[in-house]
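Just passing along the structure, written as C-alpha coordinates.
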Amino acid sequence: KTIALMIRQIDSLSAMAEEFSSFAKMPEPILENIDLKLVLTDAVDLMEKEMGQPITLKIEVDTIPVLADPHQLGRIFNNIFKNAIQAIPDQQNSKSIVVRVEQNQKNVLITVKDNGIGIKEMDKNRIFEPKFTTKNSGMGLGLSIIKNIIENYKGSITFESQYGQGTTFTVSLPILNS
(Lines give C-alpha, C1' and ligand atoms only; values in the text may rest on other atoms or scores of the structure.)
Protein backbone atom coordinates (compact mmCIF):
# COMPACT_ATOMS: atom_id res chain seq x y z
CA LYS A 1 0.00 0.00 0.00
CA THR A 2 2.74 2.46 0.86
CA ILE A 3 4.52 2.07 -2.47
CA ALA A 4 1.26 2.51 -4.39
CA LEU A 5 0.50 5.64 -2.36
CA MET A 6 4.00 7.00 -3.03
CA ILE A 7 3.62 6.35 -6.76
CA ARG A 8 0.26 8.19 -6.80
CA GLN A 9 1.84 11.12 -4.93
CA ILE A 10 4.76 11.23 -7.36
CA ASP A 11 2.33 11.09 -10.32
CA SER A 12 0.31 13.90 -8.75
CA LEU A 13 3.41 16.04 -8.18
CA SER A 14 4.59 15.32 -11.71
CA ALA A 15 1.23 16.40 -13.14
CA MET A 16 1.29 19.60 -11.05
CA ALA A 17 4.84 20.36 -12.23
CA GLU A 18 3.80 19.83 -15.85
CA GLU A 19 0.80 22.16 -15.44
CA PHE A 20 3.02 24.76 -13.79
CA SER A 21 5.54 24.49 -16.63
CA SER A 22 2.92 24.86 -19.36
CA PHE A 23 1.38 27.82 -17.51
CA ALA A 24 4.75 29.57 -17.48
CA LYS A 25 5.37 29.10 -21.23
CA MET A 26 4.73 32.12 -23.35
CA PRO A 27 2.97 31.86 -26.70
CA GLU A 28 5.02 32.82 -29.74
CA PRO A 29 4.95 36.60 -30.14
CA ILE A 30 3.10 38.14 -33.06
CA LEU A 31 5.37 41.06 -33.93
CA GLU A 32 3.81 44.27 -35.14
CA ASN A 33 5.00 47.80 -35.77
CA ILE A 34 3.21 49.51 -32.89
CA ASP A 35 3.23 52.78 -31.02
CA LEU A 36 4.39 51.95 -27.49
CA LYS A 37 2.69 55.13 -26.26
CA LEU A 38 -0.74 53.57 -26.97
CA VAL A 39 0.14 50.33 -25.16
CA LEU A 40 1.39 52.26 -22.12
CA THR A 41 -1.69 54.50 -22.01
CA ASP A 42 -3.99 51.45 -22.17
CA ALA A 43 -1.99 49.62 -19.47
CA VAL A 44 -2.13 52.67 -17.16
CA ASP A 45 -5.91 53.03 -17.71
CA LEU A 46 -6.48 49.33 -17.03
CA MET A 47 -4.42 49.33 -13.82
CA GLU A 48 -6.07 52.47 -12.51
CA LYS A 49 -9.51 50.91 -13.01
CA GLU A 50 -8.54 47.46 -11.71
CA MET A 51 -6.48 48.53 -8.70
CA GLY A 52 -8.00 51.93 -7.92
CA GLN A 53 -4.61 53.63 -7.70
CA PRO A 54 -3.80 56.68 -9.85
CA ILE A 55 -0.67 56.40 -11.97
CA THR A 56 1.04 59.51 -13.33
CA LEU A 57 2.15 59.02 -16.94
CA LYS A 58 4.75 61.44 -18.35
CA ILE A 59 5.56 60.83 -22.01
CA GLU A 60 8.02 63.25 -23.52
CA VAL A 61 7.75 62.09 -27.13
CA ASP A 62 4.93 62.03 -29.71
CA THR A 63 5.20 58.46 -30.96
CA ILE A 64 7.36 55.53 -29.94
CA PRO A 65 7.62 53.00 -32.77
CA VAL A 66 8.67 49.50 -31.65
CA LEU A 67 8.50 46.06 -33.22
CA ALA A 68 6.81 43.89 -30.61
CA ASP A 69 3.76 41.86 -29.65
CA PRO A 70 1.29 44.35 -28.13
CA HIS A 71 -0.14 41.67 -25.80
CA GLN A 72 3.30 40.85 -24.45
CA LEU A 73 4.08 44.55 -23.97
CA GLY A 74 0.79 44.93 -22.13
CA ARG A 75 1.75 42.00 -19.91
CA ILE A 76 5.12 43.62 -19.15
CA PHE A 77 3.64 46.92 -18.04
CA ASN A 78 0.61 45.44 -16.27
CA ASN A 79 3.00 43.32 -14.19
CA ILE A 80 5.31 46.21 -13.33
CA PHE A 81 2.39 48.54 -12.51
CA LYS A 82 0.66 45.92 -10.36
CA ASN A 83 3.90 45.26 -8.45
CA ALA A 84 4.33 49.00 -7.86
CA ILE A 85 0.76 49.33 -6.57
CA GLN A 86 1.13 46.29 -4.31
CA ALA A 87 4.43 47.63 -2.93
CA ILE A 88 2.65 50.59 -1.37
CA PRO A 89 1.00 49.64 1.94
CA ASP A 90 -2.76 50.33 2.11
CA GLN A 91 -2.33 52.43 5.24
CA GLN A 92 0.32 54.68 3.64
CA ASN A 93 -1.06 58.21 3.28
CA SER A 94 0.90 59.52 0.31
CA LYS A 95 0.89 57.02 -2.57
CA SER A 96 2.77 57.76 -5.77
CA ILE A 97 3.48 55.83 -8.95
CA VAL A 98 5.10 57.79 -11.77
CA VAL A 99 5.76 56.37 -15.23
CA ARG A 100 8.18 58.40 -17.32
CA VAL A 101 8.96 57.71 -20.98
CA GLU A 102 12.06 59.14 -22.63
CA GLN A 103 13.78 58.39 -25.89
CA ASN A 104 17.33 58.53 -27.11
CA GLN A 105 18.48 57.75 -30.64
CA LYS A 106 18.25 53.96 -30.33
CA ASN A 107 16.09 53.16 -27.29
CA VAL A 108 13.01 54.11 -25.38
CA LEU A 109 13.40 54.17 -21.60
CA ILE A 110 10.33 53.56 -19.46
CA THR A 111 10.80 54.16 -15.74
CA VAL A 112 8.20 53.16 -13.18
CA LYS A 113 8.84 54.73 -9.79
CA ASP A 114 6.84 54.00 -6.65
CA ASN A 115 7.14 55.25 -3.09
CA GLY A 116 6.32 51.87 -1.58
CA ILE A 117 8.28 49.73 0.85
CA GLY A 118 11.20 49.05 -1.48
CA ILE A 119 13.19 45.86 -1.84
CA LYS A 120 15.30 44.47 0.97
CA GLU A 121 19.03 44.24 0.22
CA MET A 122 18.99 40.45 0.73
CA ASP A 123 16.27 40.07 -1.95
CA LYS A 124 17.79 42.26 -4.67
CA ASN A 125 19.86 39.49 -6.30
CA ARG A 126 16.85 37.19 -6.51
CA ILE A 127 14.19 39.59 -7.78
CA PHE A 128 14.16 38.16 -11.35
CA GLU A 129 14.44 34.49 -10.28
CA PRO A 130 11.52 32.24 -11.24
CA LYS A 131 9.34 31.32 -8.25
CA PHE A 132 10.84 34.02 -6.01
CA THR A 133 8.30 36.29 -4.34
CA THR A 134 8.13 38.55 -1.32
CA LYS A 135 4.31 38.66 -1.46
CA ASN A 136 1.76 36.50 0.32
CA SER A 137 0.12 35.59 -2.98
CA GLY A 138 1.30 34.80 -6.49
CA MET A 139 3.81 32.32 -7.82
CA GLY A 140 6.79 34.59 -8.31
CA LEU A 141 6.79 34.22 -12.08
CA GLY A 142 5.90 37.76 -13.17
CA LEU A 143 9.27 39.50 -13.17
CA SER A 144 11.06 36.41 -14.46
CA ILE A 145 8.67 36.11 -17.41
CA ILE A 146 8.72 39.79 -18.32
CA LYS A 147 12.52 39.91 -18.10
CA ASN A 148 12.61 37.06 -20.62
CA ILE A 149 10.17 38.87 -22.94
CA ILE A 150 12.13 42.13 -22.74
CA GLU A 151 15.43 40.38 -23.45
CA ASN A 152 13.85 38.61 -26.45
CA TYR A 153 13.17 42.11 -27.81
CA LYS A 154 16.87 42.95 -27.30
CA GLY A 155 15.94 45.20 -24.39
CA SER A 156 16.76 45.22 -20.70
CA ILE A 157 15.09 45.68 -17.33
CA THR A 158 16.88 47.00 -14.25
CA PHE A 159 15.85 48.43 -10.92
CA GLU A 160 17.03 50.64 -8.10
CA SER A 161 15.50 50.36 -4.68
CA GLN A 162 16.00 51.63 -1.19
CA TYR A 163 14.16 49.72 1.48
CA GLY A 164 11.57 51.96 3.13
CA GLN A 165 11.64 54.51 0.30
CA GLY A 166 10.51 52.80 -2.89
CA THR A 167 11.66 51.24 -6.13
CA THR A 168 12.26 52.37 -9.70
CA PHE A 169 12.16 49.84 -12.52
CA THR A 170 13.64 50.86 -15.88
CA VAL A 171 12.76 49.08 -19.11
CA SER A 172 14.85 49.83 -22.19
CA LEU A 173 13.54 48.73 -25.60
CA PRO A 174 15.02 49.35 -29.04
CA ILE A 175 13.14 51.83 -31.21
CA LEU A 176 12.05 50.64 -34.61
CA ASN A 177 14.24 52.14 -37.33
CA SER A 178 12.21 54.33 -39.65
Side-chain angles (χ1 to χ4, degrees), residues 20 22-61 63-90 92 95-103 107-119 123 126-161 166-176:
F20 184 73
S22 64
F23 169 76
K25 288 181 186 167
M26 290 295 298
E28 283 296 313
I30 300 170
L31 301 179
E32 300 175 25
N33 179 355
I34 58 172
D35 183 356
L36 182 63
K37 185 176 180 178
L38 299 175
V39 174
L40 278 168
T41 304
D42 287 348
V44 165
D45 290 345
L46 177 70
M47 270 305 117
E48 287 180 332
K49 287 176 186 148
E50 183 179 317
M51 305 293 282
Q53 168 67 43
I55 298 173
T56 303
L57 181 58
K58 298 180 178 181
I59 300 179
E60 300 175 6
V61 290
T63 59
I64 309 161
V66 294
L67 183 64
D69 183 317
H71 300 291
Q72 286 187 347
L73 286 179
R75 184 174 189 167
I76 289 167
F77 297 113
N78 287 338
N79 184 281
I80 294 172
F81 298 163
K82 188 175 279 191
N83 284 349
I85 291 167
Q86 291 173 343
I88 303 172
D90 289 337
Q92 184 170 317
K95 300 178 181 189
S96 171
I97 298 170
V98 178
V99 179
R100 183 178 303 276
V101 182
E102 301 173 66
Q103 180 175 324
N107 295 301
V108 59
L109 299 175
I110 305 101
T111 58
V112 180
K113 181 178 183 169
D114 69 63
N115 68 339
I117 59 171
I119 300 168
D123 293 335
R126 301 186 64 206
I127 209 75
F128 293 112
E129 284 181 14
K131 298 182 250 175
F132 175 76
T133 185
T134 58
K135 300 179 203 169
N136 294 330
S137 63
M139 292 192 247
L141 292 176
L143 287 174
S144 173
I145 289 173
I146 66 170
K147 183 177 192 290
N148 188 28
I149 294 170
I150 292 166
E151 289 176 349
N152 284 340
Y153 291 139
K154 308 291 186 246
S156 65
I157 181 170
T158 58
F159 70 93
E160 293 178 8
S161 184
T167 302
T168 302
F169 275 89
T170 301
V171 174
S172 175
L173 293 170
I175 295 171
L176 188 63

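Source: prediction; values computed, not measured.
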Query - S144 side chain reached by E129 side chain, heavy atoms, under 4.5 Å - result: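 A side-chain contact is absent here, since even the closest heavy-atom pair is not under 4.5 Å.
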
Query - ring pair (Phe, Tyr, Trp, His ring centres under 6.0 Å) partners for F81, two or more places apart - result: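 Result, ring pair (Phe, Tyr, Trp, His ring centres under 6.0 Å) vs F81: none returned.
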
Report task. Could you check if a side-chain atom of L173 sits within less than 4.5 angstrom of a side-chain atom of L109, using non-hydrogen atoms only? Result ->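 Heavy-atom side-chain distance check fails, nothing below 4.5 Å.
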
**Report entry** Heavy-atom neighbours of E160 CD exceed 12 at 6.0 Å
**Finding:**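 No.
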
Query raised in the report: Is the backbone of S172 close enough, under 3.5 Å, to the side chain of Y153 for a donor and an acceptor to pair up by distance?
Result: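 Absent.
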
Query - Partners meeting ring pair (Phe, Tyr, Trp, His ring centres under 6.0 Å) with F159 (sequence neighbours left out) - result: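 If we apply the ring pair (Phe, Tyr, Trp, His ring centres under 6.0 Å) test to F159, skipping adjacent residues, the hits are F128, F169.
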
Query raised in the report: Is the side chain of N78 donor-acceptor paired with the backbone N or O of G74 at a distance under 3.5 Å, no angle test?
Result: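 Yes; judged by distance alone, with no hydrogens or angles, the pair exists.
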
Query - F77 side chain reached by I110 side chain, heavy atoms, under 4.5 Å - result: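 Yes, close enough: below the 4.5 Å cut-off.
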
Requested in this report: With rounding to the nearest 0.5 Å, note down the distance linking CG in D114 to CD1 in I55.
Outcome: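 Going from the CG atom of D114 to the CD1 atom of I55 covers 10.5 Å.
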
Donor-acceptor list for residues 29-46 side chains, cut-off 3.5 Å, not counting sequence neighbours:
{"from": "D35", "atom 1": "OD1", "to": "K37", "atom 2": "N", "distance (Å)": "3.0"}
{"from": "D35", "atom 1": "OD1", "to": "I64", "atom 2": "N", "distance (Å)": "2.9"}
{"from": "K37", "atom 1": "NZ", "to": "D62", "atom 2": "O", "distance (Å)": "3.1"}
{"from": "T41", "atom 1": "OG1", "to": "K37", "atom 2": "O", "distance (Å)": "2.8"}

Query - Nearest non-hydrogen partners of N115 and S96, listed with the distance - result: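 Scanning both residues, the minimum pair turns out to be OD1-N, 2.9 Å.
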
Query - Crowding at NZ, K95 (>12 non-hydrogen neighbours, <6.0 Å) - result: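 Yes - once you tally the heavy atoms of other residues, nucleotides and ligands closer than 6.0 Å, there are more than 12.
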
Report task. Find out whether R75 and I145 are in side-chain contact, i.e. whether some heavy atom of one side chain is under 4.5 Å from a heavy atom of the other. Result ->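 With C-beta onward as the side chain, the pair touches.
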
Query raised in the report: Between CD1 of I76 and CG of N148, what distance do you get to the nearest 0.5 Å?
Result: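 Here the rounded value is 10.0 Å.
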
Query raised in the report: Within a strict 4.5 Å, meaning less than it, do heavy atoms of the Q53 and M47 side chains meet?
Result: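 Counting from C-beta outward, Q53 and M47 never come under 4.5 Å.
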
Requested in this report: Measure the OG1-CZ distance between T168 and R100 for me, rounded to the nearest 0.5 Å.
Outcome: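 The CZ atom of R100 is 10.5 Å from OG1 of T168, to the nearest 0.5 Å.
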
Query raised in the report: Which heavy-atom pair separates G166 from S161 by the least distance, and what is that distance?
Result: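 What the structure gives for the nearest pair is O-OG, 3.1 Å.
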
**Report entry** Closest contact, heavy atoms only, Q103 versus T63
**Finding:**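 Scanning both residues completely, I find the closest heavy atoms to be OE1-O, 3.7 Å.
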
Query raised in the report: Tell me, do I80 and V171 make a side-chain contact under 4.5 Å, heavy atoms counted?
Result: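 Yes. Closest side-chain heavy atoms under 4.5 Å.
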
Query raised in the report: L73 versus V66: any side-chain heavy-atom pair under 4.5 Å?
Result: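 Yes - at least one pair of side-chain heavy atoms lies under 4.5 Å apart.
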
Query raised in the report: Looking at L57, I88, T56, which hits side chain to side chain contact (heavy atoms under 4.5 Å, CB included) with I97?
Result: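 Output: one option passes, namely I88.
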
Requested in this report: Determine, for K58 against E102, whether the closest basic-nitrogen to carboxylate-oxygen distance falls under 4.0 angstrom.
Outcome: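 No, no charged N to carboxylate O under 4.0 Å.
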
